[in-house]
Amino acid sequence: MRRFPCFRGLTLAVVVLLPIALPAVDTNFHNAPDSAKALKDPVEGQPQAMEEGRRLYARNCLSCHGKNGQGSGNVPSLADAKLDSVPAGEVFWFITKGSKKNGMPSWALLPERQRWQIVTFVRSPELLKAAANRHPPAPGGTAASLKAPPPQPPFADFRYEKPGTTRKITVNDLPQPYATKSAESGADVVARPANVWPIAPAGFKVEQYATGLDSPRLLRTAPNGDIFLAESSAGRIRVFRGLTSDGKPEQMQMFASGLKRPYGIALYPPGKNPQWMYVGNTNEVVRFPYRDGDLKASGPSEHIADLPATGGHWTRSIEFSPDGKKMFVAVGSESNDDDTDTNPQEKNRADILEFNPDGSGMKVYAYGIRNAGGGLAIHPQTGELWCSVNERDALGDNLVPDYITHVQEGGFYGWPWWYIGAHQDPRQTGKHPELKDKVIVPDVLLQAHNASLQPTFYEGKQFPAEYREDIFAAEHGSWNRSVRAGYEVIRVPLHQTGHASGEYEDFVTGFVLPDGGVWGRPVGITVASDGSLLVSDDGSNSIWRISYTGQ
Ligand code: HEC
């Protein structure tokens with residue numbers, strides 16, 4: 001029934017009257033209009049389209065529909081042979097539109113060409129074959145990978161994440177490309193079992209601040225203590241105010257809606273009395289008027305600047321320099337590792353861009369940063385811009401490390417030709433030798449494929465003094481690693497120097513079950529006005545509150 005949900009609206013009697021063997025010839029897939037059937041797949045049968053479709057599937061669809069298209073929970077299988085009998089145009093129509101209320105996103109923002117490539121791939125016999133050959137379902141990757149030998153430190157995976165454990169990855173630890181195979185182990189998110197809860201270091205307590213949210217993403221605390229949240233797929237910004245005695249917000253309201261995949265939120269000017277809220281939609285920066293106390297935007301959004309948005313990494317984070325003169329916007333790459341010289345769609349991507357706050361004067365502030373769209377932050381004392389970066393995939397389990405670093409103006413961070421200093425990407429051999437010695441080694445190397453998202457500086461007073469001005473960051477978790485890594489909140493101790501030593505620490509863990517099933521995925525992080533830490537999680541659709549009790 002899932003395949004033709006329009007039946008759900010009919011009475012059982014009607015369904016029973018249909019002869020069993022008769023295909024439902026006049027039922028369009030998910031009620032697609034008749035015009036959809038006539039859409040022709042412009043890339044059908046092209047081997048290159050299959051290849052691209054496979055890659056795009058892994059990036060966009062695998063996390064829900066599974067590595068082999070097998071589906072899980074309420075996510076239907078795409079590999080049960082039915083899709084190939086559905087006209088390509090109807091599948092194209094459905095993925096373009098999505099089915100938001102049932103949890104299938106709209107993919108209208110992917111370029112049309114890419115949507116057709118995905119359609120080609122999901123309707124091909126390849127998924128079907130993969131499903132037939134697949135091992136018994138094992139949410140953490142394969143059962144074998146869970147029994148894999150312990151990782152060689154400094155590398156780690158979820159089985160060994162433990163609050164308080166310090167790690168340090170250096171350039172000398174990097175393996176050769178392809179030292180291990182490129183794995184696919186996306187997070188098939190499962191429900192949180194009732195007795196499972198995030199785990200924090202001794203002396204800290206974790207409470208559920210809010211739940212039932214719609215894919216909660218970036219968090220931002222306003223000077224008056226209000227907490228803003230981007231619900232990107234729902235296109236809106238929510239706001240929370242106050243705290244009840246059992247640790248929940250006293251008020252919750254929709255600040256703005258109808259936005260195009262909003263992610264970054266920044267108040268302007270910096271300081272105690274902001275007048276505007278800037279929002280990074282996937283294709284533009286907009287701003288709303290903002291006054292202390294607003295729970296709802298008092299006026300419509302104003303367009304500030306266009307951003308490149310042809311698909312791929314879609315989050316856009318925003319920060320202002322402490323003097324309010326510059327606006328920084330991180331725009332991730334379209335692709336995993338396309339040569340930017342030959343793919344014009346990569347122009348002004350994999351960069352941190354700089355603008356005047358009115359949107360004029362765009363220039364590239366730092367480049368070769370594959371995707372810092374997940375998070376920027378300004379150090380409260382030094383005023384330096386820092387970022388959290390997702391590095392590239394498909395070179396093996398421990399390459400290329402994600403990272404957190406302060407950003408040098410004009411700095412080159414390697415992508416796509418180089419990585420972590422003078423290491424050439426094997427897919428770009430021989431290119432840009434003149435850049436080899438320019439590649440900056442970032443401050444803190446994280447586990448490869450961690451999907452490091454929002455960072456924040458701890459400016460609160462509640463945690464012990466040693467935490468003051470340390471970085472906390474949300475690690476969304478890997479798909480391209482044989483045993484999962486990430487799925488945790490980390491701490492980057494700066495020891496009150498303003499500089500990183502390369503170390504980081506597991507801080508809040510426990511979002512992956514022992515069998516590898518993922519129930520939680522940290523995305524956004526902010527310090528509340530009482531000094532507790534709030535962490536959004538788009539696996540369980542919650543916000544967690546971590547406070548220090550000393551017990
Ligand atoms: C956030 C999870 C999620 C992601 C990501 C996702 N899907 Fe879905 N998908 C769903 C859910 C849930 C449904 C069921 C929707 C319904 O029945 O209305 C669905 C349904 C579908 C269907 C209809 C299947 C059927 O038998 O009815 C197709 C086709 C599909 N998805 C393709 C894709 C493709 C292609 C991508 C990637 C571009 C993708 N999905 C990404 C959750 C997801």
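Note: Phe94 and Phe29 have perpendicular aromatic rings, judged against thresholds of 30 and 60 degrees for the angle between ring planes. The aromatic rings of Phe320 and Tyr278 lie perpendicular to each other, with more than 60° between the two planes, well past the 30° mark. Ring geometry for Trp386 versus Phe457: interplanar angle over 60°, hence perpendicular rather than tilted (30 to 60°).
Listed by chain and residue number, Tyr367 satisfy the ring-ring contact (aromatic ring centres under 6.0 Å, His included) test with Phe412 (two or more places apart in sequence, or in another chain).
Between Tyr413 and Tyr419, the gap from one ring centroid to the other reaches at least 6.0 Å.
You'll find the side chain of Trp116 reaches within 4.5 Å of the side chain of Leu39, heavy atoms only. When side chains are defined from C-beta on, Val483 does not count as touching Pro151, because their heavy atoms never get closer than 4.5 Å. Between Gln117 and Tyr57 there is no side-chain heavy-atom pair separated by less than 4.5 Å. Within the 4.5 Å cutoff, the side chain of Asp393 has heavy atoms near those of the Arg59 side chain. Taking 4.5 Å as the limit, some side-chain heavy atom of Arg481 sits within range of a side-chain heavy atom of Asp157.
Between Ile490 atom CD1 and Arg167 atom CZ the span is 10.5 Å, to the nearest 0.5 Å. Atom CZ of Arg316 is separated from atom CG of Leu218 by 13.5 Å, given to the nearest 0.5 angstrom.
A salt bridge does not link Asp397 to Lys181: none of the charged side-chain nitrogens sits closer than 4.0 Å to a carboxylate oxygen. Electrostatic pairing of Glu503 and Lys168 does not count as a salt bridge here, judged by no charged N lying under 4.0 Å from a carboxylate O. Using a 4.0 Å cut-off between a side-chain N of Lys or Arg and a carboxylate O of Asp or Glu, Asp506 and Lys162 do not qualify as a salt bridge.
No donor-acceptor distance shorter than 3.5 angstrom exists from the side chain of Arg521 to the backbone of Tyr487, with no hydrogens or angles considered. Side chain of Arg484 to main chain of Gly516: a donor-acceptor pair is present (N/O by atom type, distance under 3.5 Å, no hydrogens or angles). A donor-acceptor pair under 3.5 Å links the side-chain atoms of Ser106 to the main chain of Thr96, judged by distance alone.
The side-chain contact (heavy atoms from CB on, under 4.5 Å) test with Arg349 singles out one residue from Thr310, Asn371, Asp338, and that residue is Thr310.
Judged by the 6.0 Å distance and 45° axis criteria, Arg261 is positioned over the aromatic ring of Trp314.
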